[in-house]
S.K.: 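For reference, the structure I am asking about is given below.
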Number of protein chains: 2
Amino acid sequence: MSDTTLPRSTSRVIAAKATEPGEPRSTSRRTFDDARKPISLRDVAAEAKVSVATVSMVLNDNPRISRATHLRISRIIERMGYQPNRLAQSLSSRYTRVLGVMLPALRHAFADAYFGELISGICDRAGKMGFKIMLEQAKPEFVKERKHIHIFERRYVDGLLVLGMNDRHHFLEDFADGRYPLCVVDNKFNQWKLDHAVCDYAGGAEQVMNYLLQLGHRHIGCIYAAPEIQTAADVLHVYRKRLGDSGHEVDDSWAQDGRFTDEGGAAAAAALLKRHPEITALFCGNDKMAIGAQHYLANAGIRVPEEVSVVGFDNMQNAAFVTPSLTTVHLPLYQVGALACERLIDRVRGRAERVAEVLPTHLVVRNSTAMARQS
Amino acid sequence: MSDTTLPRSTSRVIAAKATEPGEPRSTSRRTFDDARKPISLRDVAAEAKVSVATVSMVLNDNPRISRATHLRISRIIERMGYQPNRLAQSLSSRYTRVLGVMLPALRHAFADAYFGELISGICDRAGKMGFKIMLEQAKPEFVKERKHIHIFERRYVDGLLVLGMNDRHHFLEDFADGRYPLCVVDNKFNQWKLDHAVCDYAGGAEQVMNYLLQLGHRHIGCIYAAPEIQTAADVLHVYRKRLGDSGHEVDDSWAQDGRFTDEGGAAAAAALLKRHPEITALFCGNDKMAIGAQHYLANAGIRVPEEVSVVGFDNMQNAAFVTPSLTTVHLPLYQVGALACERLIDRVRGRAERVAEVLPTHLVVRNSTAMARQS
DNA sequence: GCACGTTGTTAAACTGTTTAACTAGATCGA
DNA sequence: TCGATCTAGTTAAACAGTTTAACAACGTGC
């Protein structure tokens, strides 16, 4: 056309070429040979001979569009196999429909059945609600560079789920103002106002202590770990309280740190039994430590459960398969992950009130526990 | 300059108002009270009194910008705490800098140490190379609705890593044309041309068979699983071949499916020993099945390794901690994950050649193996 | 016959960045 | 001194959608 002769000026005219019937942008872009690049809204609009706004409104079920048009355009969208570009969608709308999942910076954090269960629940629920999951690890430099804020500012995520965090993860404080949606998964923090969904660790510990006391145990050792984690502290607290209530002298020498590992559990069991040979039951803060304790007892020739009962906490897959199979507390980790995810999405969508969900736990009695020995 | 006299057809002029010194868009947006919304490139440009293009070029280290300007603008960016919006970046550029990780649709797939190790390697390497990880599960409906293509078309990801896939995952065929970058992690497919990074399963199996034959074992049972997975088939094939080479009659009754589980391993061990009481060694396709077999043997009163040697495959964390500790093949899963990730990123960045990486494995000798008994 | 409301659609502005094309000014060789 | 080449920027057009003010067409009510 005649624009070679234009004396264009131009500071005022930014002027995209208008979409004219003769050579609309879309057709000029979409020639026979470039079947490669994906179809855009414009292509659909051109095909349907309506404006892009109309197609957009059809996609978003805007009531301003008549049923007839909606149906007609929907069919064209279907036929052309159009998929909206979510970068463009997210750029102009307020949502990315992506949630971050932050794990602690432990080497091989993913190779852990505990986190695995939580993530399973999160992923399934997120998928059902139309959200994607992006993984993050809370490495020291990540937090130091304030990347936990950047993932929001840079529009990577709409919300964040944090797993396996403890009181020393001070970056959580940055979320206390509620500016960026966050939900703590299977833990809680009293010092910061944060949403959380958590298993009822204290309730589980109550059940364990009830059960052991009913079986006649009075000399109960505790293998705990990580008391800086609120839920772990809850378990230890219930152990101490119930033991005190039953008339037993509460004394720190009956509890030993097992660092949440097999080896730590074995070492802690060894230390406790050396200190207090009269122990008839060991209450362990997780199944790994319980299995470690069982190994130590087996090696030391102490029979489980005849001489010493062992109770775990977690109900991990292999808890049922060790010998003797482990009495433990079942934690609904999958459900907690799913619920936390759902509550976070509510928050992203605008819920203002803080939530604190607690899911019930229950004791699973297997073969590692019996009546207290009479000696 | 003299543009009022333009003879231009008006239908061509859509004309946004140009950014004039008097009322630039940016200042009109950024008033005193809305300190809330994040700073944009425009705000930085306005502050520095340059065009947005200049700021963009500074961010991308474009050599067209002088050192002086680069420094000056960098400082302003720093001071204002500007973070580029990556939705806009990705929309405009060709990359999202996000990789998808696809897991099989097993319930609780994440709660598996095998996938965990791979994902650890992937995440660490991706993070170092400036990529984020998005999780996907290969559910039947996901594949049926062609979502594996949609995540590319909708610009969720630049590339895809697939874990734990087998020959029945036909959607992989859609990636054989190389249109969308994909890398198979710790597996390989002969029927489709796909990049992969894999542990040397056959090499590991060779080492196991060498070792067992050297110890004098001739009656070796095999607990395998999932022969539809190429790597698992490789192990079984090496077992058969080496046994045949050693003069032993190769016969399917010496191999039994253990479904990759504890229980399956125990059941398979029981079946094999019932069928062939002369067995002196069991070669298991993974550690879980090996540990299951050990449990069966312990319960049946058969001593390990004095009467029967047991070999695993995987070197999972607890392999060292069971009693007796398990002789197994170490798989560099973390490294395979990391390498696959790196090769995928190469591909995203334009590498055209197909790659097939194989990482060496090695035998870890522990206490579950000994000389063949003489009976 | 005209103001008014409803309905359906469109044009234009907007999201925040990258990049190709352009330009003013300095340098330089012929 | 002129034109070519460099340098260091600017401009405007993408990228692919959403949102909203405006508007046309149509049916009512008075």
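Basis for what follows: all heavy atoms, side chains included, without hydrogens, waters or symmetry-related copies. None of these values were measured; they are calculated from a predicted model.
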S.K.: So, does B:S40 get its side chain near the phosphate of C:dG16, meaning an N or O under 4.0 Å from OP1 or OP2?
M.R.: no
S.K.: Between B:R179 and B:D174, does any side-chain N to carboxylate O distance fall below 4.0 Å?
M.R.: no
S.K.: Check the distance between C:dG16's P and B:D43's CG and give it to me in whole angstrom.
M.R.: 8 Å
S.K.: Salt bridge or not for B:D195 and B:R347, using N-O below 4.0 Å?
M.R.: yes
S.K.: Round to a whole Å and report the spacing from CG of A:L41 to P of C:dA12.
M.R.: 18 Å
S.K.: Please report, rounded to the nearest Å, how far the P atom of D:dA14 is from the CG atom of A:L91.
M.R.: 17 Å
S.K.: Indicate yes or no: does B:K147 engage B:E136 in a salt bridge with an N to O separation below 4.0 Å.
M.R.: no
S.K.: Are there more than 12 heavy atoms of other residues, nucleotides or ligands under 6.0 Å from atom CZ of A:R79?
M.R.: yes
S.K.: Measure NZ/B:K49 against P/D:dT10 and give the value in whole Å, please.
M.R.: 13 Å
S.K.: Any donor-acceptor pair under 3.5 Å linking the side-chain atoms of A:R97 with those of A:Q89?
M.R.: no
S.K.: Measuring to OP1 and OP2 of C:dT18, would you say a side-chain N or O of B:Q89 lies under 4.0 angstrom away?
M.R.: yes
S.K.: Of B:S66 and A:A88, whose closest DNA chain D nucleotide lies nearer the 5' terminus?
M.R.: B:S66
S.K.: How long is the line joining CG of B:N62 and C1' of D:dT10, in whole Å?
M.R.: 13 Å
S.K.: Any carboxylate oxygen within less than 4.0 angstrom of a Lys/Arg side-chain nitrogen, looking at A:K139 and A:E141?
M.R.: no
S.K.: Without decimals, in angstroms, what is the distance between B:R42 CZ and D:dT10 P?
M.R.: 15 Å
S.K.: What contact category does A:Y95 fall into here, base, sugar-phosphate, or nothing, at under 4.0 angstrom with non-hydrogen atoms?
M.R.: nothing
S.K.: To 10°, what angle do the rotation axes through the five end pairs on each side of the helix from C:dG1-D:dC30 to C:dA30-D:dT1 form?
M.R.: 60°
S.K.: Closer than 4.0 angstrom, basic N to acidic O: yes or no for B:R343 and B:D346?
M.R.: yes
S.K.: What nitrogen or oxygen pairs link the protein and nucleotides 19-23 of chain C at under 3.5 Å?
M.R.:
residue: C:dA21; atom: N6; partner: B:R64; partner atom: NH2; Å: 3.4
residue: C:dC22; atom: N4; partner: B:R64; partner atom: NH2; Å: 3.4

S.K.: Quick test of your reading of the model: are B:R94 and B:D158 salt-bridged, counting only N-O distances below 4.0 Å?
M.R.: no
S.K.: Under 4.0 Å from OP1 or OP2 of C:dT9: is there any side-chain N or O of A:T69 that close?
M.R.: yes
S.K.: Among A:V50, A:L59, A:T54, which residue satisfies the side-chain contact (heavy atoms from CB on, under 4.5 Å) criterion with A:I65?
M.R.: A:T54
S.K.: Could you tell me the separation between the CZ atom of A:R67 and the P atom of C:dT9, rounded to a whole number of Å?
M.R.: 13 Å
S.K.: In whole angstroms, how far is the C1' atom of C:dT18 from the CG atom of B:L59?
M.R.: 11 Å
